[in-house]
Asks: 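Here you go, one structure.
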Number of protein chains: 2
Amino acid sequence: MTKKSHEQPDETAPSTGKTASGLASPLDTLLGYRVRRASMAMIADLVDALRPFRLSVGEASLLILVGANPGCRQSDVGRTLEIKRANLTPLISRMKARDLVADAPIDGRSLSLTLTPDGTALRDEMLSRVLASDRKFAKRLTGDQKALFAALEALAR
Amino acid sequence: MTKKSHEQPDETAPSTGKTASGLASPLDTLLGYRVRRASMAMIADLVDALRPFRLSVGEASLLILVGANPGCRQSDVGRTLEIKRANLTPLISRMKARDLVADAPIDGRSLSLTLTPDGTALRDEMLSRVLASDRKFAKRLTGDQKALFAALEALAR
DNA sequence: TATTGTTATACTCTATAACTATA
DNA sequence: TATAGTTATAGAGTATAACAATA
């Protein structure tokens with residue numbers, strides 16, 4: 001048996017840094033933990049950016065996706081955003097209640113989704129804020145941005 | 001006014017790819033969206049790895065952090081993991097009910113946390129599975145891993 | 001006075017099952 | 001028979017407010 005490496009606050013191990021609270025944090029060595037922290041920081045900023053529009057992240061994603069794909073099927077939107085049918089229905093209902101999204105039957109069971117004029121206008125304003133938030137983070141990056149996107153793509157597949 | 005660039009399913013714009021459902025997806029150009037997708041994929045695998053131990057991601061994080069910092073303050077654990085006081089109490093209660101974590105008063109208001117022998121044993125087994133899950137993703141990476149960690153660090157700060 | 005821990009509570013997101021209708 | 005959409009419901013995770021006790 002080898003000595004266990006995560007049991008003690010080992011002063012000789014430089015791989016585990018210290019947190020702001022002074023705790024050793026083996027979690028910081030985990031790729032998944034780092035990705036999650038980065039994601040949470042970006043989402044927190046995105047939520048702030050969306051608040052003036054009274055849109056959740058899921059609602060904003062829907063408006064952006066439907067805006068880029070007018071007439072798309074509701075079922076395809078759900079698959080693309082990985083939102084389950086049962087959760088997509090009330091989300092779209094809220095957007096219809098605000099006259100941001102309109103639906104129309106494709107056949108007897110499928111619905112097509114389109115942004116209304118109000119939805120398009122809100123999407124335009126909202127998207128520029130979303131892009132600004134995203135760029136703010138992207139500007140922090142010094143290295144090869146293409147390589148980072150490739151790495152994230154490899155992790156997400 | 002410039003032409004709006006996200007309104008139509010524009011065949012001439014190669015920057016916006018197509019999803020598995022055939023929809024144009026301007027979201028894929030967003031760094032934050034990519035980071036979130038990567039995080040969700042890794043967390044889904046982590047949740048699977050933790051299921052046999054009946055541990056949530058938060059509970060596993062707590063065991064790993066307390067295991068590396070025996071006698072640490074509950075309040076510091078909450079700050080490090082960004083879990084609010086009010087939510088940390090029931091989480092720790094569950095770990096105490098399973099005899100994985102023990103607490104002891106530091107002074108009249110603070111508590112110190114330590115893994116019990118059972119907690120240490122479970123942490124050891126669990127951590128090896130967590131590391132295996134994390135390595136599985138890390139192996140997908142071709143480029144400079146140090147650069148990726150630096151990028152994630154820059155995004156999370 | 002600020003901090004620590006606790007309790008109660010509410011809100012969002014997500015997950016499942018059951019149902020109708022249709023391709 | 002598989003797919004699309006809806007409804008109801010339950011479970012996490014997270015948020016705030018109020019409180020008691022203590023530094």
Asks: Give me the bend of the helix from dT1(C)-dA23(D) to dA23(C)-dT1(D), using the axes of the five pairs at each end, rounded to 10°.
Replies: 20°
Asks: Identify the heavy atoms of S56(A) and L50(A) that sit nearest to each other, and give their distance.
Replies: O-CD1, 3.7 Å
Asks: Compare side-chain N and O positions of R94(B) against OP1 and OP2 of dA12(D) and report whether any pair is under 4.0 Å apart.
Replies: no
Asks: Hey, which of these two, D107(B) or D103(A), hits DNA chain D nearer its 5' end, going by closest nucleotide?
Replies: D103(A)
Asks: Is E82(B) salt-bridged to R37(A), cutoff N-O under 4.0 Å?
Replies: yes
Asks: Between A86(A) and G108(A), just flag the one whose closest nucleotide in DNA chain C comes earlier from the 5' side.
Replies: A86(A)
Asks: Separation of K84(A) atom NZ from dT6(D) atom C1', in whole Å?
Replies: 16 Å
Asks: In whole angstrom, what separates L50(A)'s CG from dT12(C)'s C1'?
Replies: 15 Å
Asks: Going by modelled atom types, is there a donor-acceptor pair between the base of dT22(D) and the side chain of R109(B) at under 3.5 Å?
Replies: yes
Asks: For I83(B) and dG5(C), what is the distance between atoms CD1 and P respectively, to the nearest whole Å?
Replies: 13 Å
Asks: Taking a hydrophobic cluster as the set of Ile, Leu, Val, Met, Phe, Trp and Tyr residues connected by side-chain heavy atoms closer than 4.5 Å, whether directly or through intermediates, do V47(A) and F53(A) fall within one such cluster?
Replies: yes
Asks: Nearest-Å distance, CG (L88(B)) to P (dA15(D))?
Replies: 13 Å
Asks: Rounded to whole Å, how long is the line connecting atom CZ of R51(A) with atom P of dT12(C)?
Replies: 12 Å
Asks: In whole Å, I'd like the distance from the CZ atom of R85(B) to the P atom of dT3(C).
Replies: 10 Å
Asks: Of R51(B), R54(B), R94(B), which is the lone residue that meets salt bridge (charged side-chain N to carboxylate O under 4.0 Å, His left out) with E59(B)?
Replies: R94(B)
Asks: Nearest whole Å is fine: how far is dC11(C) P from L91(A) CG?
Replies: 18 Å
Asks: Against Q74(B), only a single residue in V101(B), L88(B), V66(B) fulfils side chain to side chain contact (heavy atoms under 4.5 Å, CB included); can you say which?
Replies: L88(B)
Asks: Is S75(A) close enough to dA4(D) that one of its side-chain N or O atoms is under 4.0 Å from OP1 or OP2 there?
Replies: yes
Asks: Verify side chain to side chain contact (heavy atoms under 4.5 Å, CB included) between L30(B) and L131(A), making sure each step is shown before the conclusion.
Replies: CA-CA 8 Å; L30(B) 294 176; L131(A) 292 173; 3.5 Å; yes
Asks: Same hydrophobic cluster for Y33(B) and M40(A), using side-chain heavy-atom links shorter than 4.5 Å among ILVMFWY?
Replies: no
Asks: Taking only the side-chain heavy atoms of Q74(B) (C-beta and beyond), determine which of dT16(C), dG5(C), dT3(D) contains the nearest atom.
Replies: dG5(C)
Asks: Donor-acceptor pair under 3.5 Å: do we get one between N87(A)'s side chain and the base of dA15(C)?
Replies: yes
Asks: Want to settle it: does R36(A) or L111(A) sit nearer the 5' end of DNA chain D, counting the closest nucleotide to each?
Replies: L111(A)
Asks: What integer distance in Å separates R79(A):CZ from dT3(D):C1'?
Replies: 9 Å
Asks: For T89(A), answer base if it contacts any base atom (sugar-phosphate contacts may also be present), sugar-phosphate if it contacts only those atoms, and nothing otherwise; contact means non-hydrogen atoms under 4.0 Å.
Replies: base
